Amino acid sequence: MQRYFVEPHRLSEQSVTIVGDDVHHIVNVMRSSIGDEILVADGQGRVARVRLASFEGKQVHAEVVEFIRENSELPVRVTIGQGLPKGEKMEWILQKGTELGAFAFFPFSSERTIVRLDAKKEAKKLERWRKIVKEAAEQSHRAVLPEILPPVSFKQAAAAADSYTQCVVAYEKEGSRTLHDVLESLTEGDSLLVLVGPEGGFSAEEIALAESAGIRPVTLGPRILRTETASQYVLAAVSYHFERIHS
Ligand code: SAH
């Protein structure tokens, strides 16, 4: 069944109002009729099966048939702190990371970041990125719509570590601490921030800064992964570690 994300305030216990691009999708692309059912998610975990009741100009109204309990979210909320990569790699990271269950994305620029975003470019990028994440979340049947935080500096990203149960920095020169060790220390409901460097990686100074903020370096195995692969490895590992029960 087709799924659409709506802003939380638009979904009440009884009904939902859909606005924006989704109206065009429901009416013209899916050619839906009154009485058809769709799924609506508020992006914060509530999902309802709803029946289309009326089309009014730029709005679609639907009545809630039932709220659905879904189990499509990772048991540990994983935020990907991503050193801004070049070109369209970020879009790929957001799309695939959403499919693999990322809770949020936290882009940052660091010493070896090549792209520079001015305020105007940044706003445009964020808008495009949020659209990519929304579509990926709908397609992959997520109940949570991953948030994309506005880009910050590496220092600011490291300073946010305290808001998470655990924060690690993926570092290819780390010899002993593994992701497995970190995941073993987490339980359902915890949150994890993983910092991944841009193409050129992190400098030794940045790793030292992270460590002084209580962020521990972890290895993601004996091979050097491209920046866009590292986050996907982490998300797949979290799924493998925590999602062993399948109905
Ligand atoms: N410039 C480095 C690698 C950078 S890879 C080099 O060429 O040697 C980009 C980012 O992916 C790194 O900053 C790190 O966060 C992550 N990464 C890649 N492979 C990794 C590994 N084996 N272990 C931990 N992190 C890794």
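Everything numeric in this text was worked out from a predicted model, so none of it was measured. Indexing begins at 1, ligand by ligand and atom by atom, following the structure's order.
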- Using the test salt bridge (Lys or Arg N to Asp or Glu O under 4.0 Å), find all partners of Glu174 that sit at least two apart in sequence or belong to another chain.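 Per chain and number, Glu174 pairs via salt bridge (Lys or Arg N to Asp or Glu O under 4.0 Å) with no residue.
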- Query: Picking from Glu138, Glu135, Glu70, what satisfies salt bridge (Lys or Arg N to Asp or Glu O under 4.0 Å) with Arg3?
  - Reply: Glu70
- Message: Holding to side chain to side chain contact (heavy atoms under 4.5 Å, CB included), I want the full list of residues that pass it with Ser15, two or more places apart in sequence or in another chain.
- Response: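 In terms of side chain to side chain contact (heavy atoms under 4.5 Å, CB included), with neighbours along the sequence ignored, Ser15 is linked to Ser12.
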Tabulation required: pairs of a nitrogen or oxygen in ligand 1 and a protein nitrogen or oxygen under 3.5 Å; columns are atom names and distance to 0.1 Å; otherwise 'none'.
unit_1, atom_1, unit_2, atom_2, d
ligand 1, 1 (N), Gly200, O, 3.2
ligand 1, 13 (O), Gly197, N, 3.4
ligand 1, 15 (O), Ala170, O, 2.6
ligand 1, 15 (O), Gly197, N, 3.0
ligand 1, 19 (N), Leu225, N, 2.9
ligand 1, 22 (N), Gly221, O, 3.0
ligand 1, 22 (N), Arg223, O, 2.7
ligand 1, 23 (N), Leu220, N, 2.8
ligand 1, 25 (N), Tyr171, N, 3.3

- Query: Is it true that Glu127 and Lys124 have a side-chain N and a carboxylate O under 4.0 angstrom from each other?
  - Reply: no
- Message: Does this structure show an ion pair linking Glu63 with Arg51, if we count only N-O contacts that are shorter than 4.0 Å?
- Response: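 Arg51 and Glu63: not salt-bridged.
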- Provide the full list of ring pair (Phe, Tyr, Trp, His ring centres under 6.0 Å) pairs with a residue in residues 23-69, sequence neighbours left out, each pair given once. Tyr4-His25
